[in-house]
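Just so we're clear, the structure is a prediction, and the values are computed from it rather than from any experiment. Indexing begins at 1, ligand by ligand and atom by atom, following the structure's order.
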Amino acid sequence: GELKHDDLVNICELGQGNGGIVWKVRHKPTDKIMARKSIYLEVKPAVKNQIVRELKVLHQCNSPYIVGFYGTFAAEGQINICMEYMDGGSLDLILKKVMRIPEHILGKITVAVLRGLSYLRERHRIMHRDIKPSNILVNHQGEIKLCDFGVSAQLIDSTLQTFIGTRSYMSPERLEGANYGIMSDIWSLGLSLVEMALGRYPIPPPSTKDIDDLFKQDPNGNQPRPEGFGCYKVLAIFELMEWIVNEAPPSLSQTHFSPEFCDFIDRCLKKSTTERADLNTLLHHPFYKRYESESDNQDVASWIRQICKIDQYQINENNYRRCAT
Ligand SMILES: O=C(NOCCO)c1oc2ccncc2c1Nc1ccc(C2CC2)cc1F
Ligand SMILES: [Mg+2]
């Protein structure tokens, strides 16, 4: 049956952003751990009920590359979406812990995202609409899954993409207000991969010297990033949108990345949608091919566990220091 608000007990807050707050919760009747996202909306009850009705389609969204769905309900003026708890968190949080994500892990991420996008398109005829590191979640089993995709048309309209912060992953055509579709998700994937490969949002593009410094000082990319890293100028959001529309797209250099990866990125970040690679082309690209055959994700699992162990170690270290004083 449907989940009820009173059956859920808050454990801890997992994150906040763009009008939504996510809690780790326990479902008392089943003792199951879940993540509950609450989105506050000032809309009429009829609109809320339509959103809940449309979100129930998520019960049919079953794929290894899509975060599991347990149920949805309206309570206290919020839309609540209960989903699978992913104990590795989202890739934007992972990126804060490490300098950057190694290419072979980015290959596995690419396989999962392309397969997730294919599933949403083939089986549900929808695009994602919000591909970015914070909407790609991982767990200790090495699974990589998508969340926060546009399954409810009414929720899309009600939020009207007012979340200005997320515009920076939007494709040029979408920023210009032109028609956009799945090709816009491909642009967002390309931009997200460059950000995770370099360890920083890639617009304005870092200079070759910046990138060489980044790789010289820490070849394995495991040290947390020093403050003021790269001391690059952070553009205001509108400057950023202008840059995406008017300037050349970011790219990767073959000094630090494989030719296949560099080419994959170039194909995703074509500013013109007619030149940009579509989903099927990318599913035949050598970079995707290199990783699609690897069935298990034990390399991802051990990489995630190693990062979370550092995290756990630091928690213990801080606790020890506090107790020792
Ligand atoms: O969270 C969203 N935006 O994040 C900004 C607010 O924090 C979001 O925006 C939508 C627009 C249209 N339909 C749905 C959603 C949806 N949420 C959502 C979609 C799919 C799932 C699947 C179970 C994994 C979970 C979700 F939370
Ligand atoms: Mg999100």
Close-contact set for ligand 1 against I156 heavy atoms, below 4.0 Å: 11 (C), 12 (C)

query: Between D263 (side chain) and P259 (backbone), is there a donor-acceptor pair under 3.5 Å?
result: no

query: Considering S134, S38, S152, which one's heavy-atom position lies nearest to atom 13 (N) of ligand 1?
result: S152

task: Check whether any side-chain N or O of N139 sits under 3.5 Å from a backbone N or O of M86 as a donor-acceptor pair, and report yes or no.
output: no

query: Within the side chain of N80, is there an N or O that forms a donor-acceptor pair under 3.5 Å with the backbone of T72?
result: no

field: Which atom of D148 approaches the Mg ion (ligand 2) most closely (N/O/S)
entry: OD2

Per-atom contacts, ligand 1 versus L55 - under 4.0 Å to a heavy atom: 14 (C)

field: Backbone or side-chain N/O/S of D130 under 2.8 Å of the Mg ion (ligand 2)
entry: no

- prompt: Any N or O on D148 sitting closer than 3.5 Å to an N or O of ligand 1?
  reply: yes

query: Do the side chain of E239 and the main chain of A236 share a donor and acceptor less than 3.5 angstrom apart?
result: yes

field: Same apolar cluster: F69 and I126, side chain cutoff 4.5 Å
entry: yes

- prompt: Where does the angle between the aromatic ring planes of F261 and F287 fall among parallel (under 30°), tilted (30 to 60°) and perpendicular (over 60°)?
  reply: parallel

task: Please say whether the positively charged group of R100, taken as NZ for Lys or CZ for Arg, lies over the ring of F215, i.e. under 6.0 angstrom from the six-membered ring centre and within 45 degrees of the axis.
output: yes

- prompt: Do ligand 1 and V151 have nitrogen or oxygen atoms that lie under 3.5 Å from each other?
  reply: yes

- request: Indicate yes or no for a side-chain donor-acceptor contact from D185 to the backbone of H128 under 3.5 Å, with no hydrogens or angles considered.
  value: yes

- prompt: Does an N or O from G17, backbone or side chain, lie closer than 3.5 Å to an N or O of ligand 1?
  reply: yes

field: Metal check, the Mg ion (ligand 2) vs N135 N/O/S, cut-off below 2.8 Å
entry: yes

- request: Any atoms of ligand 1 less than 4.0 Å from a non-hydrogen atom of K37? List them with their elements.
  value: 1 (O), 2 (C), 3 (N), 4 (O), 5 (C), 6 (C), 7 (O), 27 (F)

task: Determine whether the side chain, the backbone, both or neither of I66 has a heavy atom under 4.0 Å from any heavy atom of ligand 1.
output: neither

message: Atom CG of residue position N179 - does it have more than 12 heavy atoms of other residues, nucleotides or ligands inside 6.0 Å?
response: no

query: Out of curiosity, is I51 lining ligand 1, as in a heavy atom under 4.0 Å away?
result: no

- request: Number the atoms of ligand 1 from 1 as they appear, then name those within less than 4.0 Å of a heavy atom of G150, with their elements.
  value: 11 (C), 12 (C), 13 (N)

